[in-house]
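Heads up, the thing below is written out as C-alpha cells.
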Amino acid sequence: MKDSDKILATLKHVSLALEKRQILQDISITLEAGKVLTIIGPNGAGKSTLLRILLGLQKPDAGEVTRKPGLRIGYVPQSISIESTLPLTVARFVALGGKGNVKEVLAELRIAHLAKSAIQSISGGEFQRVLLARAIMRKPDLLVLDEPAQGVDVMGQGELYDRISTLRQRYGFGVIMVSHDLHLVMEKTDQVICLNQHICCHGVPDDVSRHPEYKRLFGDMPDSGLAVYTHNHDHAHDLQGNVVHSKDCDHG
Amino acid sequence: MKDSDKILATLKHVSLALEKRQILQDISITLEAGKVLTIIGPNGAGKSTLLRILLGLQKPDAGEVTRKPGLRIGYVPQSISIESTLPLTVARFVALGGKGNVKEVLAELRIAHLAKSAIQSISGGEFQRVLLARAIMRKPDLLVLDEPAQGVDVMGQGELYDRISTLRQRYGFGVIMVSHDLHLVMEKTDQVICLNQHICCHGVPDDVSRHPEYKRLFGDMPDSGLAVYTHNHDHAHDLQGNVVHSKDCDHG
Amino acid sequence: MDEFIIRAMIAGSLVAAVAGLLGVFVVWRRMAFFGDTLSHSALLGVAIGMLLNIGFMVGVVASTLLVGIILFLFQRQQRVSNDALLGILAHSGLSLGLIALSFVQTQNVNVEEWLFGDVLSVTWDDVTWIALTLVLVVGVMAWLWRPLLTLTVDEELARVEGVNAGLVNLVFVGLVALLVATAMQVVGALLITALLIIPASAARSFAKTPEQMALFAAVIGVVSVFIGITASLLLDTPAGPSIVFSSAMLFFMSQITRVLKAA
Amino acid sequence: MDEFIIRAMIAGSLVAAVAGLLGVFVVWRRMAFFGDTLSHSALLGVAIGMLLNIGFMVGVVASTLLVGIILFLFQRQQRVSNDALLGILAHSGLSLGLIALSFVQTQNVNVEEWLFGDVLSVTWDDVTWIALTLVLVVGVMAWLWRPLLTLTVDEELARVEGVNAGLVNLVFVGLVALLVATAMQVVGALLITALLIIPASAARSFAKTPEQMALFAAVIGVVSVFIGITASLLLDTPAGPSIVFSSAMLFFMSQITRVLKAA
Amino acid sequence: EEKPLIVSTIRPIQAIVVAITGDNVETKQLIPDFASPHQYSLKPSEIRLLNKADLVIRIDDHLETFLEKSMRSLDLEKLVTLSTVKGLTLLSANHDHNDHEEAEHDEDAHEKESSHEDEHHHDEDHEQLKAEDTDYHLWLSPSNAVLIAANIRDRIIAIDPSNKESYESNTQQLIDSISETDKAIIETLAPIKEMPFLVMHDAWQYFTNHYGLNQLDSITLQERLKPSAKALSKARQTITDSNVRCIVTELGFKLKTLRVLTEDIDVNTTEIDPMGRQIKLSKQAYPALLDYTAKQLVECLTHTTTKK
Ligand SMILES: Nc1ncnc2c1ncn2[C@@H]1O[C@H](COP(=O)(O)OP(=O)(O)OP(=O)(O)O)[C@@H](O)[C@H]1O
Ligand SMILES: Nc1ncnc2c1ncn2[C@@H]1O[C@H](COP(=O)(O)OP(=O)(O)OP(=O)(O)O)[C@@H](O)[C@H]1O
Ligand SMILES: [Mg+2]
Ligand SMILES: [Mg+2]
Ligand SMILES: [Zn+2]
C-alpha cells in the first residue's frame, strides 16, 4: 500500500465564520487509514463543526476538503432526534446504516436485548451505543465520532474505547474522534489535536499533555481529582511526532 | 427548622413498567434540603425515568410520590431539542426559567459571551451549561440534574460540580443528580444510590464504593485507566449511613 | 376615499395585527393549518345548525369549540403529530359536514362562503365586533405570553417550572379558535389563515426575539392589508386574495433577503 | 350490482392502497397538508390554463410541479418548517389563482370540483389511467424505499452514508404530486388528502416497523373505501365524504384501542 | 344630466330590466356571466357600482348570498328584492313534484320584512315556507316574470318619473310578448307533456310546474353535493323503469355523473342554462329564454336516442 493510498481525507487551511463570529481558522489535518486522531478542546471550540466540514455537511468559507473517492464513512453525531410517529426498532435503525450483521454488532456493544425496542424509547446511553453500532456495522473506511461515549456508563466507556481500538486494528479503518475523556482517549490515540478555533497544539499524546498550551487549556487539574493517564508506550514518534505550537490559545 | 421541614420530596415503593418491561421496582428515596443525592447506574438502569417520576412528568404504576407544597425545582433534563423557527437568544432562554439575574448566572457558568447567541446554534457543551444556568437562576429548593456534565469539557466538569457544591452550601437547596462521572461525583455527594431497576445499594460514597454490589456493577476498573477517587471525609455516617443490599443486581 | 375602503383597511389591519400576534405561536407549534381546519369543520357546524334548526352561528361556534377540545386532548398524547391531527380533524369535519348536509334538503347552503369571505363588504358593526374580540384576545395574550412561550420552548421543562400546561394550551387553542371564528365570517377563512402564518414566517428572517417576531409579523400583516387593498383598488382585483398574495410576496422577499445576507 | 359501484370500489381501493404507501412518509415528514396545498394551488393552474388558452390539465400539472419544486428548494434551508411552508404555498397559490380567475372572463370555474371530485363517476378509462400511474408510483417507491426511509430518520446521517438527499427528496415530492394530481381529478382532493394521512395515522398504533405501517395504512384505506361506498349505497350518503368519514372512524377507534391497551 | 343607474345582479333580471328601460337608463349586470351567483367576491369597482346605483335589483339574499354584507351598508330604499314581490309563486326546494307547496307573499308580510332578516314571514293561512327551503330559480315561471316586470317598472318610475310613459309601454310590450311566447310554448310542449324526464339539479321546477310537465324527482337537490351511490342507483332504476327519455343538466355541470347515469341506457341528455347566458341581451331576451328552454326540452324528449 502506497502512502498516498493510506490517506483517507484531508482538510487544508479551512476557515469558517458563522453569524460574523469566527468559528474555525486555518485548520489543516490529514486522516490516515489505521490511525486514530483525537480532537480535544473546550466547549464551543469548533470540534463538531470541524467534523461536519470534513463530512461535507457544512461548507467552509475558505480552504479545501478532500475525501478519497468512494470512502465509506461511519458517523456518530453529537445528538440527533427521531420523529416519534416513525415505528422503528433499534435493530432496524442500525440496519438502515447499510449491509452487515446487525445481531452481531448489537451483541458486541452489549445492546442485543434492545434489538426490538422502539428507537425513541431507549435511554441516552443506550442510544449512544446504538449510533456507534450503526456506524461500525457499515464496515467503514473512516469512523467519525463526536463524543461517542457521551452518557455511556463507566464500564461502557472503557469498553467502547477498547472496542474502537480493537476494531481499528482488525479492519484497519481510520478514526477521527472528539472526546472529553482525556484519560481514556490518551491511551488509545495515535495523535491528538488541541482545538480552540485554531489548532493550538498537536502531536502524540504524551508530548501534547506535556505541552504548555495543553496545560493552559485543560489545567493541571489538581482539584478535579483527575490525573491524566500516561501510558507507557514504546513506539517512536515518527509521524509528525513533533509538537507544534502556533498562536495564543486563550479564547473567550 | 424541623426535620420534617427539611424533607423536600419522597418516593415510596415506586414501580413502573413500560411496554411490558419492568423499568423500576420498589424504589423509595427521600430528598432533604442541603443534601446531594447522586444516582449512579448503568445505561438503561432507569435513572432518568426515576427523575421524571419524581418531577411528576411520568406516572408510576405503583407507589407514592410527594413533593413539599410550593417546592421550586430547577431541572436539567438529559436532552431537549428546540424548534428552529423560534428566535430565542441564550439569555432569553435562561430568563424564561423565572426571575433572577441572568447576566450574573451566565457569567458564573462562563457562558456570558453566548448571551446573544441563538439557542439553537450553540454547541452541545455550551447548551448543557445554559440548561444549568436556567435551573440555578430559579433559586430552586431542589435541583434535579440528569447528567449535567454531559459533553461539558474537562475543566468545565470540575468547575460545574464545584459550583453546585458551593451554591448548595450558600443557598441550602437539595440536589438529586444522575451522573457517570464517578470520580467527581463521589467527592461532592452526601449519599449515593446505585440503581439498576431496583436500588442495589445505597449509602455514603466511601461505603458504597467498597460494596461488593458496586464492584459488580462498575468493576474495579483496572484497565480503563480510571481509579475511583476516594476523598478524605471526616463526617460521621449518621444519615442512613449504613449500606444496604437488597437483591441480585446483575441485569441484562 | 370610499368609506368601504376605509372599513376594509381598518378591519383588515385589526385582524392582521392580532393574527401576527397569535400567528407566531401557530408557526412555532406547527399548527399552520389550524385556521383551515376550523373553517373546514365549520361546515359541519353549518349543517348541524340547519339540521337542529338552531341557526348557523351556534353550530359554527360549537364545531369550532369541539375541534379545539379534540385538538387539545390529542396534543397531550404525542403519537400523532400536530399537523396530521389537524389534517384528520379538517377532513373528518368536512366530510361529516357534507354527509349531514346531504340530509338537509336545501339548495341554499354555500360551502364556499366561509372560504372567501369579503373584506370589502365589512360593515361598521363588523368592525366594532372584530375590535372587541381582538381587544379580548390581546388582553388574554398579554397575560398568557410568558407561560405560553415557556411551554412552546419545551413542555416538560415548563411543567417542572410550574406552568399549568393544560390550562395554557387550552386557552391558547381557544384564542386562536375565537380569532378564526370571528374573522372567518368577516374576511373569510382564506384570509385569516394566511394572515396567521405568512407574516409570521416572513418575520422569522429578521427577528432576534420572540416579541420582535410577533411585532414584525403584525407589521407585515398590516402592510400586506394596505398593499393588497390598494392593489385591489388600482387593479380591480379581488381584495382578499390580493392581501394574501402581497403577504406571500413579502414572505418570498424576506427569504431572498436572508439568502443574500448569508452569502 | 351496478357497474359504477364496482368501478368506484376498484378506483378507490387503488388510490387508497397507494396513498397508504406514500401517506406514511407524508405523516413522518409532517407534510400532512401536501394534498391540500396541491389542490389549492391547482386552481392557479386552472386559471393559467385558461388565460393562456392551453387547457386545464397542462396548467394543473404545471402548477403541481411548481409547488413541488418550490417545496423541494425550501426544504433544504430549514428556517421555515414543512407545515408553514405548505400553508404559505397553498394560500398564495389559491389567492393568485383567484386573482388570475378574476381576469378570465370566459367560463364558470367550479373551485369545488377539485375539492370534492366524485368517486362514483369514475369511468373505466379513469380506472386504467389511475392503475397505470399507480404502477409507476409503486415501482419507483420500491426503488426509493430504503434511501427515503434513511433520509426520513435523519437527513445528515443519511447524507454521510451516501444517500443523495436532493434526488431522493425531489423524486418523493414528485411521486406525491403525481398521485395527488392524478387522483384529484378522479376522486377529488378531499378524498385523496384524507386517504394520505388518516389511514397512515391510524396504522401508527399497530405497526412495529415502517413497512407494517405502510401495509396497515393501505389496508385501512381500502377498508374505508369499501365501508364508505357501502354506506353510500345503503344510507344514501355522498360517497367521497363517507369514505373519508369511515377512515376517520377507524382512526379514532385505533386511538381508543391504544389508550385501552396502555391502561 | 346623468341617466339613472340600475344594477341587477344576474342575467335574467338584467334581461327584464333592459326590456323595460330601453335607452333611458344606464343598466349594469353585477355578477359576470362566468361567475356563480352563490360564490362571488365583489371587486372595488363593483362595490362602487353598487354605491352609485339608484336601484339595485336582486332575487333574494339566499341566492346572491355574497351580496348580503355589501347590501347592509347600502341605502335600503334603493334595494329591490324580487322574491318578496306580491303574488309571486314560490316553490319549495325540498319538494315532491306531485304535490308541491306553494306560498304567496301578501302585503302585510313584506312590509314587516327588512332585507337582513333571515326568515320571511307568512300569514297563518299559508303553509310556512322557510327562506332557506325556498327554490329561488323563480324567474323561470312566466307568470312570476310578469309580476316581476310590473314591480320593476313601478320602482323605476319612482326614481325616474319623467320617462313614465316610455317605461309603461315598454313593460306592456314585454308582458305581451311573454304571454304570446307562453301560449306558443304551451302548444310546443303539448305532445311531450306526459313524457317523463329527469333533471340533474332542480333549476327548472318553476318552468315545469307552470307548464304541467312530467318532471320526475330530481337526482340531486343540492348543486354542490355529489349524489350518493344509492341515489345514483335509484335514478338509473327510475330511468329504465319509467322509460325516461331525457335528462336535463345545467351548462357544463357534473358531466361525469351524467355519463355514469346514462351509460348503457337509451336516454337523451341536454344542457340548458337557466340563466340564459348565451342569449343575446335585447328587449326579447326574456321571452327568448323561455322559448329556448322549451325547445331544448322538446328536442331532448323527441329525438330518437343516438346511443347504441
Ligand atoms: N449555526 C451557527 N450559527 C452561529 N454560531 C454557531 C452555529 N453553529 C455553531 N456555532 C457556534 O460555533 C461554536 C463551535 O460550535 P461546535 O458545536 O463546533 O463546538 P464544539 O467544539 O463541538 O463544542 P462542544 O464540546 O460543546 O460540543 C460554538 O460557540 C457555537 O455557539
Ligand atoms: N417510553 C418507553 N417505552 C419503553 N421503554 C422505555 C421507555 N422509556 C424508557 N424506556 C426504557 O427504560 C429503560 C430506562 O430508561 P432511562 O432513560 O430511565 O435509563 P437511564 O438509567 O437514564 O439510562 P442512561 O444512563 O443511558 O441515560 C431503558 O432501557 C429504556 O429503553
Ligand atoms: Mg460538539
Ligand atoms: Mg438517562
Ligand atoms: Zn343554481
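Every heavy atom of this structure was used, including side-chain atoms; hydrogens, water molecules and symmetry mates were not. First the proteins, then the strands, lettered A, B, ... as listed; each starts at 1.
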Contact class of A:T49 relative to chain B, heavy atoms under 4.5 angstrom | neither

Tell me yes or no: between the side chains of A:S84 and A:Q120, is some donor less than 3.5 Å from an acceptor?
-> no

Do the non-hydrogen side-chain atoms of A:Q197 and A:I23 ever get within less than 4.5 Å of each other?
-> no

Tell me, out of A:G124, A:G156, A:G46, who's got the most heavy-atom pairs with chain B below 4.5 Å.
-> A:G124

Check whether any side-chain heavy atom of B:I119 lies under 4.5 Å from a side-chain heavy atom of B:L86, and answer yes or no.
-> no

By a 4.5 Å heavy-atom criterion (distance strictly below it), what part of B:S117 contacts chain A: side chain, backbone, both, or neither?
-> side chain

Of the listed A:E19, A:K47, A:E126, A:Q150, the one with the largest count of heavy-atom pairs under 4.5 Å with chain B is A:E126

Applying a strict 4.5 Å limit to non-hydrogen atoms, the region of B:L114 in contact with chain A is side chain

Structural part of A:I111 lying under 4.5 Å from a heavy atom of chain B | neither

Carboxylate-amine/guanidinium proximity below 4.0 Å for A:D153 and A:R110 | no

Going by heavy atoms in the side chains, are A:F93 and A:V102 under 4.5 Å from each other?
-> no

Chain B interface, residue from A:A45, A:G125, A:S79 that has the most non-hydrogen pairs under 4.5 Å | A:G125

When A:S48, A:S121, A:G151 are compared by non-hydrogen pairs under 4.5 Å with chain B, the top option | A:G151

Measure the CG-CD1 distance between B:L51 and B:I176 for me, rounded to the nearest 0.5 Å.
-> 5.5 Å

